Amino acid sequence: MARGWDLRRLGGGGSRSNLPAAVSERRYDPKQIEPKWQEIWKRERTWEVSNSPDGGDGREKSYVLEMLPYPSGEPHIGHLKNYSVGDVIAHFHRRIGRRVLHPMGYDAFGLPAENNAIKTGVHPREATNRSIATFREAFHRWGISIDWSREFATHEPSYYRWTQWIFLKLLERDLAYKKTAAVNWCPNDQTVLANEQVIDGRCERCGAEVEVRQLEQWFFRITDYADRLLDDLDAIDWPTHVKAMQRNWIGRSEGAEVVFRCEELGIDYPVFTTRPDTLFGATFFVMAPEHPDVFRLAEGTSHERAVHEYVNRSLTEAPELRGATDKPKTGVPLGRTVTNPVTNEQIPMFVSDYVLMEYGTGAIMAVPAHDQRDYDFAKAFDLPIRQVVSAGGGEDPAASVAPGGGEDPAASVAAGGAEDPAASVAPGVGEDPAASVAPTGGDTDGSATEAGAFTAHTENEVLINSGQFSGMNSVEGQRAIVEWLDREGKGHFSVSYKLRDWLVSRQRYWGCPIPVVYCGKCGMVPVPEADLPVELPDIEDYQPKGRSPLAAAEDWVNTRCPQCGGAAKRETDTLDTFVDSSWYYLRYCDAHNDHAAWDRHVLRSWMPVDQYIGGVEHAILHLMYSRFFIKALADMELLDVQEPFQALFTQGMILGPDGNKMSKSFGNVISPQPIVDRFGADAARCYILVIGPPDQDAAWADTGIEGVHRRLLARLWRLADELSDQGEGVDQPTSPEGDALTIVRKANWAIEKVTRDTATRFAFNTALSAIIELINEIYRYPDADPGARRFATATAASLLFPFAPHLSAEAYEMLTGRRVWEEPWPDADPDMLQAETFELVCQVNGKVRDRVSAPTGAPREELEKLCLESRGVQMHLNGQQVAKVIVVPDKLVNVVVR
RNA sequence: GCGGCUGUGGCGGAAUUGGUAGACGCGCAGGCUUCAGGUGCCUGUGUUCUUCGGGACGUGGAGGUUCGAGUCCUCUCAGCCGCACCA
């Protein structure tokens, strides 16, 4: 230390004192600083927090959690961002006096390790444990403040024992069940997939085209919770787009179930509709190709053969081709009719692939006048189209649709007469089939009317051609029709969901075994809790062959029935890894409990997670499954919260320097480790946070990290070094003057700014900018009172701690000998937040014409006078009459002239 | 088609409740220190006109409200994300 100081003296030569630092041999060296503090934190277990009952020391709890990492190879830059954001929040909460739980673990089961095992023969456990070691090492080197005492991985028997226990609890409650169903099969990964894991007809993981197979599989009854999953979104502090995605996925629609009877076969076919008000317009009936009754219906009719051909073609068609919304409608008649329950008309039945078996009842009533898809089908098959709802009722219909209805064909239709100016307003409808018929179809005799196929569903709509219901608006009509159907036993109100039950079994090895056995006498028998865990055996051959590789482990498969003691076989499917990660945050609360998954009282002291941080890619799967688990477990009175994650923050992606998503194929992958090696963890963390709002995507730029290193970290270090022996205390000087006052004010401004940006907005980019501004200000006045500079520098170090913990700890220690994380978060001195003068903005007609210095808190009259007298304002008034003067105290004066 | 989001200098981005547009960083230009430097330090940097006083224009576009609009309202254009033949 002494040597460095001497060199500075020599080089400084007594001129401006910002020079000495420049010639110093001592430099900011993260390679020295970072390991030093990491060692201290590890040795002293600084970030551990206890569950002891007296731990209730009056401090408010805060559970800060980043999403469980899947350890594969090395961590990437997205991990660095995720844990940097989380660590800022964890540190900040500690510094403002909360008891913070900030744990870490690993999502250790899963396909990549297993696929690697198939290729290389290395046991998935071995590869996974290696990756875990690499991740753990990285988190240490990044200086993330983790309570390591609670660490675990989901592939450890001491963890999955409880995953199995939860499975049994769900089974007990009939929330886990087995059924044969059409499921998504990935031919590449040789396993089934959950609905949520199929993207555009392809496997989310490997991209292979998914096949549909009829298989017996395990499901969790998440649909029982659809309404609660939907409603409780209102009570949690999540980004709107994530809530929107969940709502969308749950896909609740209200409507009615209406029964259409096939008299010839004497079978009732219920359909679901959201538009029971259009029931009089149902002129035909369509079933999905997968509907179990299609062959039976067609049997003995002249269409039997055509139906077989059509269905077979549909079932073998590639899902994404079949799902294309723009392809022409196809289908064949079934040769049967059903009765429209309100008109008693016999309407023809069809089979068509635009009807989905998975939604509703797999059959629909088709209302071509008011549904685009049905309309397209009716046109293709020359079926009757009957308008039963009229937009706008008696008054000029155009009025209700005209604004913004340009691209809406209804506008031209509703306008009725072609003379109506509104009709000509609708551009670009020429290519729409409806448009060509619209002008003549405007009259309401019902025969040729294909109007309204696209009308919005509003209270202005009125039912027509609907018997006793004609004249009601469509909202009234819906209710009246369904009530009538209900009385007649032909229908009732109903709710439908897009959400399906969660398919949890996988025909793969590297996952949590499902704890049931199959006994010839007793059937399916759950493994008793006392016998858990059912341990995953080691096997020779990982190759999937359409069934789990576990099926070949005969010693393991063959077992005794827990009930009768007879020969039995184990379930060989394993659980979807999303099951493992649906409850891990509970285990952290009580990680070492070996007689229960958790203690309910301990859980009560930590749950829910106060701040969850992760990527949007988990907006549906992981987050929905976890919410389901919590609700189910709460219903079993095993815990006391209704939602796992009270607040959610979704961080944006770090893109490659070229602005593209980082990927090997673009060759734009930035790996965090070389960055940390070169600039240090503090610089890497700060750069990732200063680059922009953390919830937005941002492209990596090497020059940016150099900026942070230079302007923020190295300069703070130099200030601390320079000031370390220029005094003792770092308290705010009692009555600073001149430059010292300026510096002290800036420090207080920064305290206020950093606190607000960090606590309420997650605006870490502007918080860091404020610290840079403070450092710039200390630099700007090298000759100011060292006491003021020491105070400001210590303040900067203190504020920077959540972002750059190593350097901050070092700088703070250089100045004070104390540990910055043991200091309370600084409080801004209100007296220092306002100067005695401010720059008054002088405007004429809203344009800035001058700026003059004015005393803070000056009365309006004085400000008005100052403004009117200012040179710039005088120049622009030149004799015009002042109409009005607006005064905003301590800010501006606007002179309005005519 | 439905739902959600974003448009601000050469670049990333600031701007709290309607009140100085462009904080901070990068880049660029000039200067100082240095044997030298890709280090450090200082100054300047929206566009444009200028008689060097200053003026005009400027937040995707067009209107509107207001003394005053990046911010509020209406319409519109572009891009991104999610879902999608969901009855």
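Computed from a predicted structure; not experimentally measured. Order of the sequence lines sets the chain letters (A, B, ...), proteins ahead of strands, with each chain counted from 1.
- For the residue pair A/Y687 / A/S84, no side-chain donor-acceptor distance below 3.5 Å is found, with atom types taken as modelled.
- Note that A/R685 lies outside the cation-pi zone of A/F803, set by a 6.0 Å cut-off to the ring centre and a 45° limit from the axis.
- Distance A/R761 CZ to B/rU17 C1': 13 Å, rounded to the nearest Å.
- Across all strands, A/S496 comes closer than 4.0 Å to no nucleic acid atom at all (heavy-atom distances).
- Between the CG atom of A/D277 and the P atom of B/rA87 there is a distance of 14 Å, rounded to whole Å.
- Of the possible polar contacts, one joining the A/R386 side chain to the A/F280 backbone as a donor-acceptor pair under 3.5 Å is found.
- Taking atom CG of A/L499 as the reference point, atom P of B/rG82 lies 20 Å away to the nearest angstrom.
- Minimum atom distance to the side chain of A/N894 is reached by B/rG19, of the listed B/rG4, B/rC85, B/rG19.
- One can find a donor-acceptor pair under 3.5 Å joining the base of B/rC85 and the side-chain atoms of A/K329.
- Across all strands, A/L356 comes closer than 4.0 Å to base atoms (heavy-atom distances).
- Backbone-only contact: A/R871 has heavy atoms under 4.0 Å from sugar-phosphate atoms and none from a base.
- Between A/K891 and B/rG19 there is no side-chain polar atom (N or O) within less than 4.0 angstrom of OP1 or OP2.
- Side-chain atoms of A/R756 come within donor-acceptor range of the base of B/rU16, with a qualifying N/O pair under 3.5 Å.
- OP1 or OP2 of B/rG55 has at least one side-chain nitrogen or oxygen of A/R849 nearer than 4.0 Å.
- Legend: residues meeting side-chain contact (heavy atoms from CB on, under 4.5 Å) with A/S663, ordered by chain and number and at least two apart, are A/S665, A/F666.
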Along nucleotides 23-32 of chain B, 5' to 3', which nucleotides get a B, which get an S, and which get a -, given that the test is a protein heavy-atom distance under 4.0 Å?
-> BSSSS-----
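- Side-chain atoms of A/T856 and A/D890 form no donor-acceptor pair, as typed in the model, at a separation below 3.5 Å.
- Note: A/F285 and A/Y269 have tilted aromatic rings, judged against thresholds of 30 and 60 degrees for the angle between ring planes.
- Not a single donor-acceptor contact under 3.5 angstrom links the side-chain atoms of A/N248 to the base of B/rC83.
- The listed nucleotides are B/rA87, B/rC85, B/rC67; the one nearest the side chain of A/T273 is B/rA87.
- In B/rG4 the O4'-C1'-N dihedral to the base is more than 90° from 0, which defines an anti nucleotide.
- Note on A/A244: only backbone sugar-phosphate atoms sit closer than 4.0 angstrom, heavy atoms only; bases stay farther off.
- The CG atom of A/D702 sits 14 Å away from the C1' atom of B/rG38 (whole-angstrom rounding).
- Counting non-hydrogen atoms under 4.0 angstrom, A/V896 reaches the backbone sugars and phosphates but no base.
- A/E358 comes within 4.0 angstrom of nothing in the nucleic acid, heavy atoms only.
- At a threshold of 4.0 angstrom between heavy atoms, the contacts of A/H709 with the nucleic acid are absent.
- Note: CG (A/L621) to P (B/rG82) measures 13 Å, nearest angstrom.
- One can place NZ of A/K884 at 10 Å from P of B/rU66, the figure rounded to the nearest angstrom.
- Using a 4.0 Å heavy-atom cutoff across all strands shown, A/P693 reaches sugar-phosphate atoms only and no base atom.
- Looking at A/N668 and A/D658, their side chains do bring a donor and an acceptor atom within 3.5 Å of each other.
- Using a 4.5 Å heavy-atom threshold, the side chains of A/I670 and A/I675 count as touching.
- Within 4.0 Å (heavy atoms only), A/K498 reaches at least one base atom of the nucleic acid.
- With a glycosidic angle more than 90° from 0, B/rG63 adopts the anti conformation.
- As a whole-Å value, the separation of A/K327 NZ from B/rG1 P is 20 Å.
- Counting only heavy atoms from C-beta on, A/H876 has its side chain closest to B/rG55 among B/rC67, B/rG55, B/rG40.
- Residue contacts shown for A/V355 include a base, since a base heavy atom lies under 4.0 Å away.
- At a threshold of 4.0 angstrom between heavy atoms, the contacts of A/R500 with the nucleic acid are absent.
- A salt bridge is absent between A/R27 and A/D29; no separation between the charged side-chain nitrogens and carboxylate oxygens falls under 4.0 Å.
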